[in-house]
Amino acid sequence: MFDTLTSFALHWAHSFEVEMIRYLIGAAGVAVIYWALRRWTAPRRIQQRAATFADRRREFFLSVQTVAVFAVVGLLTFAGIKGGVIAMHHGTAFNPGVFVAQLVAMVVLHDTWFYWMHRGLHLKALFLKAHAAHHKSRTPTSWASYAFAPIESVFESLYVPALLFGISWISPIYPLAIFVFLGHQIARNAIGHSGHELAWPGFTRSRWTGWLTTTTHHDLHHSEGRYNFGLYFSYWDRLMGTEHPRYHERFEAVAQPWVGNARGEVAVEGA
């Protein structure tokens with residue numbers, strides 16, 4: 001029993017460390033890159049209001065708390081793998097088709113989980129206890145990526161053991177697929193909370209890119225709250241009528257072509 005408890009404690013500590021590193025790379029990485037490229041990113045600020053140091057500090061400490069909860073829920077994944085309930089791929093054989101299929105499934109299913117879980121968190125019975133802490137960031141920054149209350153942290157993280165359990169019934173899971181998926185998750189999360197729109201004009205209406213969410217998409221959710229519940233894709237919001245009615249207009253108001261001069265001024269085509 002002692003050895004089992006020690007094993008779980010060590011795994012929690014390792015999970016906390018890995019998830020904290022992932023969060024810092026995502027949140028701090030986006031913040032540093034945007035600051036370094038500020039002559040290009042500054043004209044793409046979505047809101048006039050700028051987040052304060054107090055905002056960032058609150059987002060950071062909430063995120064540290066969330067990482068701790070994620071590590072606790074991660075023990076379910078550890079127990080599932082250790083008990084053989086979640087089958088992992090071992091050996092040197094690598095099937096690119098299976099790897100891609102697993103990665104796509106993880107992303108698509110996570111987006112579905114997030115949309116419906118997110119809408120549930122906005123119900124009156126749950127909002128104040130579970131989701132209001134995240135919405136204190138009316139002008140979010142990349143540090144808000146994991147700024148959740150404990151209840152939301154549990155809901156946000158349960159998809160990992162549930163998802164891996166389901167997929168492993170079809171095929172043993174490639175650890176690399178999990179690694180890429182989690183990296184994609186924090187990158188999209190940090191960019192989505194960054195407060196700067198880096199996509200180009202026409203992005204939201206294009207047949208090739210319009211099904212992807214933008215930073216404006218999630219920023220509108222933070223500033224107004226009633227619309228745009230999706231994470232990676234916009235199709236659930238469109239199917240369920242929860243896309244902001246002025247989303248495309250708001251996006252085009254801030255989207256800029258990626259050309260500019262040395263002073264950071266954006267040159268508009270045809271001007």
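Note that the structure is a prediction, hence the values are computed from the model and not measured.
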*Asks:* If we count only N and O atoms by modelled type, under 3.5 Å, do the side chains of His244 and His221 hold a donor and an acceptor together?
*Replies:*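 Side-chain D/A pair, His244 to His221: absent.
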*Asks:* Ignoring hydrogens and geometry beyond distance, is a side-chain donor-acceptor pair present between Arg188 and Thr213 at under 3.5 Å?
*Replies:*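 A pair is found: one side chain offers a donor N or O, the other an acceptor, under 3.5 Å apart.
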*Asks:* Heavy atoms, side chains only, cut-off 4.5 Å: are Tyr232 and Val108 in contact?
*Replies:*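 No. Closest side-chain heavy atoms not under 4.5 Å.
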*Asks:* Indicate whether the side chain of His193 and that of His134 have a donor and an acceptor atom separated by less than 3.5 Å.
*Replies:*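 A donor-acceptor contact under 3.5 Å links the two side chains.
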*Asks:* Take Arg246 and Glu224, measure what salt bridge (charged side-chain N to carboxylate O under 4.0 Å, His left out) needs, and give me the verdict at the end.
*Replies:* CA-CA 12 Å; Arg246 298 180 62 192; Glu224 300 190 22; over 6 Å; no
*Asks:* Taking atom types as modelled and ignoring hydrogens, do the side chains of Thr242 and Arg226 form a donor-acceptor contact shorter than 3.5 angstrom?
*Replies:*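 Arg226 and Thr242 do not have a side-chain donor-acceptor pair below 3.5 Å.
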*Asks:* Hydrogens and angles aside, do Arg119 and Tyr115 bring a side-chain donor and acceptor to less than 3.5 Å of each other?
*Replies:*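 The answer is yes; a qualifying pair exists.
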*Asks:* Kindly say whether Gly210 contributes a backbone atom to a donor-acceptor pair with the side chain of Arg205 at under 3.5 angstrom?
*Replies:*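 No, the answer is negative, given that no donor and acceptor are paired below the 3.5 Å cut-off.
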*Asks:* Mind checking whether His218 and His118 have parallel, tilted or perpendicular rings, split at 30° and 60°?
*Replies:*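 Tilted: the ring planes of His218 and His118 meet at 30° to 60°.
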*Asks:* Quick one: are Ile178 and Met106 in side-chain contact, heavy atoms under 4.5 Å?
*Replies:*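 Counting from C-beta outward, Ile178 and Met106 do come under 4.5 Å.
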*Asks:* Contact between Tyr23 and Phe70 at the side-chain level, heavy atoms closer than 4.5 Å - yes or no?
*Replies:*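 No, too far: nothing below the 4.5 Å cut-off.
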*Asks:* Can you tell me if Trp12 uses its side chain to pair, donor with acceptor, with the backbone of Ala68 under 3.5 Å?
*Replies:*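 A pair under 3.5 Å: yes.
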*Asks:* So among Thr204, Thr216, Thr214, Asn228, which one has a side chain to side chain donor-acceptor pair (under 3.5 Å) with Tyr247?
*Replies:*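 Of the listed options, the one satisfying the test is Thr214.
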*Asks:* Using a strict cut-off of less than 4.0 Å between a Lys/Arg side-chain nitrogen and an Asp/Glu carboxylate oxygen, indicate whether Glu17 and Arg22 qualify as a salt bridge.
*Replies:*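 No, no charged N to carboxylate O under 4.0 Å.
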*Asks:* Among side-chain atoms of Trp236 and Thr112, is any donor-acceptor pair under 3.5 angstrom?
*Replies:*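 Yes, Thr112 and Trp236 have a side-chain donor paired with an acceptor closer than 3.5 Å.
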*Asks:* Using a strict threshold of under 4.0 Å (side-chain N to carboxylate O), is an ion pair present between Arg56 and Glu59?
*Replies:*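 No, this pair does not count.
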*Asks:* Under 3.5 Å, is there a donor on one side chain and an acceptor on the other for Gln47 and Asp219?
*Replies:*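 Indeed, the side chains of Gln47 and Asp219 share at least one donor-acceptor pair under 3.5 Å.
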*Asks:* With a 3.5 Å cut-off and no angle check, do the side chains of Glu19 and Tyr146 form a donor-acceptor pair?
*Replies:*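 Side-chain D/A pair, Glu19 to Tyr146: present.
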*Asks:* Check whether more than 12 heavy atoms from other residues, nucleotides or ligands sit under 6.0 Å from atom CZ of Phe127, and answer yes or no.
*Replies:*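 Yes, CZ of Phe127 has more than 12 neighbouring heavy atoms, counting only those of other groups under 6.0 Å.
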*Asks:* Can you see whether Ser234 engages Glu243 through a side-chain donor-acceptor pair at a distance of less than 3.5 angstrom?
*Replies:*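 No.
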*Asks:* Would you call the rings of Phe181 and Tyr159 parallel, tilted or perpendicular, taking 30° and 60° as the class edges?
*Replies:*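 The rings of Phe181 and Tyr159 stand perpendicular, inter-plane angle above 60°.
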*Asks:* Using 30° and 60° as the class limits, which term best fits the ring planes of Phe78 and His11: parallel, tilted or perpendicular?
*Replies:*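 Answer is parallel, since the angle falls under 30°.
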